Amino acid sequence: MADAPATPPVMEQIVALAKRKGFIYPASDIYGGIRGFWDYGPLGVLLKNNIRDHWWNWMVECPPIGPDGEIVDMVGLDSAIIQHPKTWEASGHVAGFNDPMVDDKETKERFRADHLQAIFFLEPSPEMEIGKSYPVSADAPAADSIPHATVIASGPGEAASEIIANKAVRKLLGIKNVLSNMMVGASLGAPDYVTLWVESSRGNRYVYIRNIGQQFLAHGYEKTPSPYTAKAGALTEPRAFNLMLDTYPGPIRDESNKAYLRPETAQGIFLNFKNIVDTTRVKVPFGVAQIGKSFRNEVTPRNFIFRSREFEQMEMEFFCPPDDALKWYEFWKGERMKWWLSLGVEPSRLRFRDHDADELSHYSKATVDIEYRYPFTDPDYGELEGIAHRGSFDLTQHQEHSKQKLDYFDQELQLKLKEQGATPEEIKQRSRYIPNVIEPASGLTRAVLVLLCEAFTLDASRPSGVYLKFKPKFAPVKLGIFPLVAKDGMPEKARALYMELRTQFACEFDVKQSIGKRYARMDEIGTPFCVTIDGDTMSSDIVTIRDRDTQEQIKINISQVGEYVRERLK
RNA sequence: GCGGGUGUAGCUCAAUGGCAGAGCGCUAGCCUUCCAAGCUAGCUGUUGUGGGUUCGACUCCCAUCACCCGCUCCA
């Protein structure tokens, strides 16, 4: 699979194969499809359920042993997709998912208003001096919207590499060389922008001003220069794009009934924190895991099932004492990577990526992504799972909004503090707290995509031209059972074997057409093993097992087939 | 949502404005002792959808939907 050229055509082949063999269909296909939604076909649902069950087993039924050798308490949950609307006010989604956007009417680019970055043109000249101000040029802006830049310092610095690392800027400017960077101020904004003086492929030299959004929006969008052209007046009024899908439970469609389809499964866990603590015997630290559908009104669903409006998540919220949060963060980071590797994903296609400070969500103290090198991101990586240190944000928010106490009394900590000779005051204060949360949140539907990409293997030497190299445990069908030819009692014998094994794992029984064709079909859907009943079987119960990856065949007794396959499903 | 591209059978693709086709596939039968063999018979289309121009539209025009690429967003 590493040999497959990682270009868009490969992705198209994967999408085509997924549809042709019944893994994934466009939703509402006969009506022309509906953007951002996909249906999982007969094989797709088997694959998805296999991954889902593996996660549930790994996280809930048999969770990993903790960093200090302790047993980790873990329970499951399946909360409603629609929660009380206040949930999403408390979580920050109503505000955070209403990002104001502005469009550049000329270039048709769209930007988040609070993320606006502008690029101005500044023709450098030898006369420029530190401490003096110069107007940065813009094509035809209103006079009062021309910022003046004050040169505060010059010389190379850290900002240069940071800005050069900004893909969009690099591409836009065609930056060749960084000539110098300066600290400058602009007349409309704060006096501390980092700017950069570069030589570009266009032969111009530019000044780049970061994060002008906040400051310039304060002066009105009509005076805000467009990020790319620096023209004022090109931007539209900021408009909100709600990224949550809504619905109106109850007989009357009224704003007061408005509810949201959950954009993440996590909040259902926080809402049940108190219930779980009260009704089960879990003690902090413990985790609550949930698998289910989530919905986001994505602006642009793209890249097959990578970004869809309805998707499935596998999330776990791990509640721990604030003092231990970092320890557990590191622990889950490691465990989650192990889990992805257990799917049979090639290690070199996985990586961690820490979020920068300015990239962190409003709630998070630290977040790391596990990323995968998808064919459509290659050589770059795309998100697969986020592991976030959410602090006490969620429980605190829900405590405030619901007026329900969501803190936790830690009896063990109380005892420990007593032993350490802490004062009664300190004991009282520290043993009752709002737990911190470590959240590994992964996309089940993304895992399906990863396994499809990972398994997709071109092989011109075999009749199918392609096969899916799933780890046997995750293959939708485990075993093909074929009579070599449809005569001499072979079909009957093969059918009897099928009847025996179908109760143990997913088997497919096929009599039709040539044996080669049947093998080819199994290759295409990633069936790891095929067993063939031939003349030897009829005379001495010896069958042939054919391996999908090597295409090699071995002979074993018919009575050992079940055991042979089961051994390889572990 | 914006810009560009694409849309014909399950798949890959043909068809000057003039009868919608081929290969693969799929189904049934025959044949067949290990990798999509062969023979026979069959299956599949409101040419993405809806309008318009025309005697006549897969073909030209408009709208719309979906997909791909870029922007934006993002598990």
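It should be emphasised that the depicted structure is a prediction, and the values quoted were computed from it without experimental measurement.
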Is [X] touching bases, backbone alone, or none of the nucleic acid, heavy atoms closer than 4.0 Å?
X      : value
A/F304 : sugar-phosphate
A/F482 : nothing
A/G36  : sugar-phosphate
A/L384 : sugar-phosphate
A/R35  : sugar-phosphate

Using atom [atom1] of each nucleotide, how far apart are [N] and [M] to the nearest Å?
N      : M      : atom1 : value
B/rU54 : B/rG21 : P     : 28 Å
B/rC65 : B/rG50 : C1'   : 10 Å
B/rC13 : B/rU6  : C1'   : 14 Å
B/rA22 : B/rG45 : P     : 14 Å
B/rG25 : B/rC34 : C1'   : 22 Å

Is any side-chain N of the basic residue among A/R351 and A/D380 closer than 4.0 Å to the acidic one's carboxylate O? yes
Would you give a per-nucleotide map of nucleotides 28-46 of chain B, 5' to 3', where B means the base has a protein non-hydrogen atom under 4.0 Å away, S means only the sugar-phosphate does, and - means neither? SS--BBBBBS---------
Centroid-to-centroid, A/F376 to A/F306, below 6.0 Å?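 Ring centres of A/F306 and A/F376 closer than 6.0 Å.
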Any chance the rings of A/Y381 and A/Y372 have centres within less than 6.0 Å?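 No: the rings miss the under 6.0 Å criterion.
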Check this one for me: any side-chain N or O of A/N303 less than 4.0 Å away from OP1 or OP2 of B/rC67? no
Expressed as a whole number of angstroms, how long is the span from A/K19:NZ to B/rA9:C1'?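 To the nearest whole Å, that distance equals 11 Å.
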Establish, for the pair A/R546 and A/F529, whether the NZ or CZ atom is under 6.0 angstrom from the six-membered ring centre and no further than 45 degrees off its axis.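 A/R546 over A/F529 ring: no.
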Where RNA chain B forms runs of at least three Watson-Crick or G-U pairs (i with j, i+1 with j-1, under 3.5 Å), the stems are B:1-7 with B:65-71, B:10-13 with B:21-24, B:25-30 with B:38-43, B:48-52 with B:60-64
Comparing A/P26 and A/G443 on RNA chain B - which has the more 5′ nearest nucleotide: A/P26
